[in-house]
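Data block below; observations after.
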Amino acid sequence: MSEFWLISAPGDRENLQALERMNTVTSKSHLSYNTKFAIPDFKVGTLDSLVGLSDELGKLDTFAESLIRRMAQSVVEVMEDSKGKAQEHLLANGGLKEKMKCLKIDLTTFVTHFEWDMAKYPAKQPLVSVVDTIAKQLAQIETDLKSRTAAYNTLKTNLENLEKKSMSLGQLSSCEKRKWYIVERKLETTDEGLTLIEALAVGCLASCQKGNLFTRTLSDIVNKEDFVLDSEYLVTLLVIVPKPNYSQWQKTYESLSDMVVPRSTKLITEDKEGGLFTVTLFRKVIEDFKSKARENKFTVREFYYDEKEIKREREEMARLLSDKKQQYQTSCVALKKGSSTFPDHKVKVTPLGNPDRPAAGQSDRERESEGEGEGPLLRWLKVNFSEAFIAWIHIKALRVFVESVLRYGLPVNFQAVLLQPQKKSSAKRLREVLNSVFRHLDEVAATSILDASVEIPGLQLSNQDYFPYVYFHIDLSLLD
């Protein structure tokens, strides 16, 4: 399971023995894997300041979890066709031991082997300063995420609208083209911009090439030889004819208007609904021909052959396709090189009382190989997801510390333990064991858990959230 219970109990002899009893019962009954959760000694300050800090940490905890879930979802969206492998990119960078700082650790291993990052969040600083540092870090990540996802979503919306119309760049108006290039040039100044616009534009252009004859681009269909060009009097039109009406077209097109060149029609291409025919006529009867064609269920496609424009459009499409290979597709290169370092499996954690913890991670060569070819946006999400996730687990540690001091008093003396329920079905039984073992810490609370009608004086939390021991929940199912 990807669910963890982070609890604490007083560190006196009686309660340490209670922890050992809990560990014995849960281990023998296969209810959970348990391991000590190391939290440094912080500068406590006044109890009044801790009460305010408790409220602030609760809000920060909720914010941090929301942020990492949004970032995880962004990874899924960026991965597109490889959504199923998004979990492999949700890792924590380092955090086990000093020599392991460069390694990438899966989330479960990071939590079960948590060590406070003294370099990033010095424990010698006042608690308020530590919390403020984490809050500012997360706020900056959220600001960056908003700007990047806003750019992504704006482009995605605009290009999806183009896709619905099955337009290509060559079919946009001059004004729209200018807007496109302004956006493109602007985004090229950012790391993620070029990847976004290329990836989305290529998807749109691919769809444009598959649109129906009424809307799709024709630059890859028509040829110069299909048209009468540079004539003062004659012009070649393109007409869409439903398949059932082919015969009628051949019999009537010459008589739809005066001055239609005999035997000038030719089938250029067709799809399952109809065909695209050419017809040559005098310029001065264009409108009359269009009107008569509509009456006969023939549609004149507004298209005039411009060799320079066709060439420019083809070059633009080729450029985008080339950039796609260089920019967007690279996001999936690492996935094709092999499976993640840590497959989805149960992590064996250290039993209570055993300070030695197994090392876990990647070699530098594996790390560099995995990062090769990743797009800038995916790289940003991976790095900052890791930073936000690590900060979130540090917030959990801070909450345990603050709540333990408030609950058990001074001097600071408590033991934090991380429990990983083995099965979802065992959660209820595990809760009963904990409530039984630590019932002596708060008889009223222990009774109220069994009897919801009993209110605990002075508590603002619901009975379901309050237990005789300090308790916080960690859920790593970020993509559910």
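Hydrogens, waters and symmetry mates are skipped; everything else that's a heavy atom, side chains included, is used. What you see is a predicted model; the values in this text were computed from it and never measured. Starting from 1, each residue takes its place in the sequence as its number.
- The line from OG1 of Thr149 to CD of Gln73 is 12.0 Å long, rounded to the nearest 0.5 Å.
- Annotation: salt bridge (charged side-chain N to carboxylate O under 4.0 Å, His left out) contacts involving residues 130-139, sequence neighbours excluded, comprise Asp132-Lys136.
- Between Arg429 and Glu432 there is a salt bridge, since at least one side-chain N of the basic residue sits less than 4.0 Å from a carboxylate O of the acidic one.
- Aromatic rings from Tyr121 and His394 are positioned such that their centres are separated by under 6.0 Å.
- Side-chain contact annotation: Gln137 with Glu387, donor-acceptor N/O pair under 3.5 Å present.
- When the options Leu234, Leu281, Thr280, Thr278 are evaluated for a side-chain contact (heavy atoms from CB on, under 4.5 Å) with Ser264, the one that passes is Thr280.
- Sequence neighbours left out, the pairs with a member in residues 252-268 that pass salt bridge (charged side-chain N to carboxylate O under 4.0 Å, His left out) are Asp226-Lys266.
- The distance from atom CG of Leu419 to atom CG of Asn34, rounded to the nearest 0.5 Å, is 4.0 Å.
- Using modelled atom types, one finds no donor on one side chain facing an acceptor on the other under 3.5 Å when comparing Gln250 with Thr265.
- Residue pairs meeting the salt bridge (charged side-chain N to carboxylate O under 4.0 Å, His left out) criterion with at least one member in residues 233-246, sequence neighbours excluded, do not occur.
- Relative ring orientation between Tyr305 and Phe303 is described as perpendicular, the plane-to-plane angle rising above 60° on a 0-90° scale split at 30° and 60°.
- Relative to the ring axis of Tyr471, Arg431 places its NZ or CZ within 45° and under 6.0 Å from the centre.
- Side chains of Thr35 and Thr112: a donor-acceptor N/O pair is absent below 3.5 angstrom, by distance only.
- Checked against the 6.0 Å centroid threshold, Tyr246 and Phe277 count as a close aromatic pair.
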